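These notes concern the structure reproduced below.
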Amino acid sequence: MTTDNDLASVAKAMVAPGKGILAADESTGTIEKRFKSIGVECTEENRRAYRDMLFTTKGVGDFISGVILYDETLRQKSADGTPFAALLTKIGSLPGIKVDTGAKDMALCPGEKITEGLDGLAKRCDEYVKLGAKFAKWRAVITIGEGTPSDACIVANAHALARYAAICQAAGLVPIVEPEVLMDGGHTIDRCEQVTERTLRETFAALASQRVALEHMVLKPSMVISGKDCAKQAGVQEVAARTLRTLKRTVPAAVPGIAFLSGGQSDELATAHLDAMNKIGGAPWALTFSYGRALQHPSLTSWKGSAANVPVAQRALHHRARMNGLATRGQYRVELEKEPANA
Ligand code: 13P
């Protein structure tokens, strides 16, 4: 039986100084896209081998507090027969599980998404706990466009996030609450800031109304950033300052930590933004990473599906994890990118 104490200590461990979360919970459809980019067939064994390569990286547990898995991955094993959940526990990383069933087109809201997966969630959470999961993730997607996001979309997604978080806490899992404002589009950083503030306000109002314990969750937001196609791209300092300002306006200090998603930012920029926020300092919550692409990209492209490339791919993951670990302390410097990996 999980106690409140356990949930609080898991949440704290997820955002421990010097560490962050590896998001390796790509659904089969998403990992297929990633594999396509490196010319690898999306078979169950290739998916297992790729995750095995990531999780057996020596020393990665020094910088990775937890790993988010996909349903299939939580049931898979390392080459030596150790279940992935047990392997992660051995290296000092908490196993987590993506529990939403994806963002689907939202009825009557053209161009917008609503995340599904609440039906039967309590039962699935019970099984995940038995399989060793300590925390969970649910991603809501907010799209900036002409006339979007709608209130309907923000409110429905906030409500679903809060219902998910309550169900997880009741089952003994720490929920990662992820309202992602997409960086796709030509919008300005001003617009991103407005939408992020509105989304976070609604999310925390819904969490309060569903009785979610803020001490027992981790927030996973996007950063306040210029749209990908915006002609004027805000610099690192501006992104850091605006992101912190928005979070301070909306996120209660009782939340132990904020673990950002990378959302399509380049690897080094995602690290630099996190570092800049921690260099500013003074935030009431830990500020860390829960990156998918920005942690895995160099490793995936070095691996290319070949066992012979495992050492170089693991060095690439270790390096990015170490750089982001430094960023959680505000100790990252771009010159460190040139240091030999595993240094
Ligand atoms: P990215 O860092 O690639 O955005 O992935 C994080 C994640 O878990 C999205 O749900």
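Whatever order the structure lists ligands and atoms in, that order sets their numbers, starting from 1. This one's a predicted model, so the numbers in the text were calculated from it and none came from an experiment.
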Q | Between Asp52 and Ser78: side-chain donor-acceptor atoms closer than 3.5 Å | A | yes
Q: Go through the side-chain N and O atoms of Glu337 and Tyr332 and say whether any donor and acceptor fall under 3.5 Å apart.
A: yes
Q | Heavy-atom proximity to atom 2 (O) of ligand 1, best of Ser27, Ala140, Ser262, Gly264 | A | Ser262
Q. Considering Lys220, Arg293, Glu26, which one's heavy-atom position lies nearest to atom 6 (C) of ligand 1?
A. Lys220
Q | Ring centres under 6.0 angstrom apart (His273, Phe260) | A | no
**Q.** Listed partners of Phe55 passing ring pair (Phe, Tyr, Trp, His ring centres under 6.0 Å), at least two apart
**A.** Phe84
Q) Atoms of ligand 1 less than 4.0 Å from Ser290 heavy atoms? A) 6 (C)
Q) N/O of Tyr291 under 3.5 Å from N/O of ligand 1, yes or no? A) no
(Q) Please report whether ligand 1 has a polar contact with Gly263, defined as an N or O pair separated by less than 3.5 Å (distance criterion only). (A) yes
Q. Are Leu54 and Val60 co-members of a hydrophobic cluster defined by side-chain heavy atoms under 4.5 Å apart?
A. yes
Q. Where does the angle between the aromatic ring planes of Phe35 and Tyr50 fall among parallel (under 30°), tilted (30 to 60°) and perpendicular (over 60°)?
A. perpendicular
For [atom], closest protein heavy-atom neighbour:
atom	answer
atom 5 (O) of ligand 1	Gly292 N, 3.5 Å
atom 10 (O) of ligand 1	Lys137 NZ, 2.4 Å
atom 9 (C) of ligand 1	Glu178 OE2, 3.2 Å

Q. What residue among Ile64, Thr288, Ile176 forms side chain to side chain contact (heavy atoms under 4.5 Å, CB included) with Ile21?
A. Ile176
Q.
In this structure, does ligand 1 have an atom that sits under 4.0 Å from one of the heavy atoms of Gln296?
A. no
**Q.** Min heavy-atom dist Ala270 to ligand 1 below 4.0 Å
**A.** no
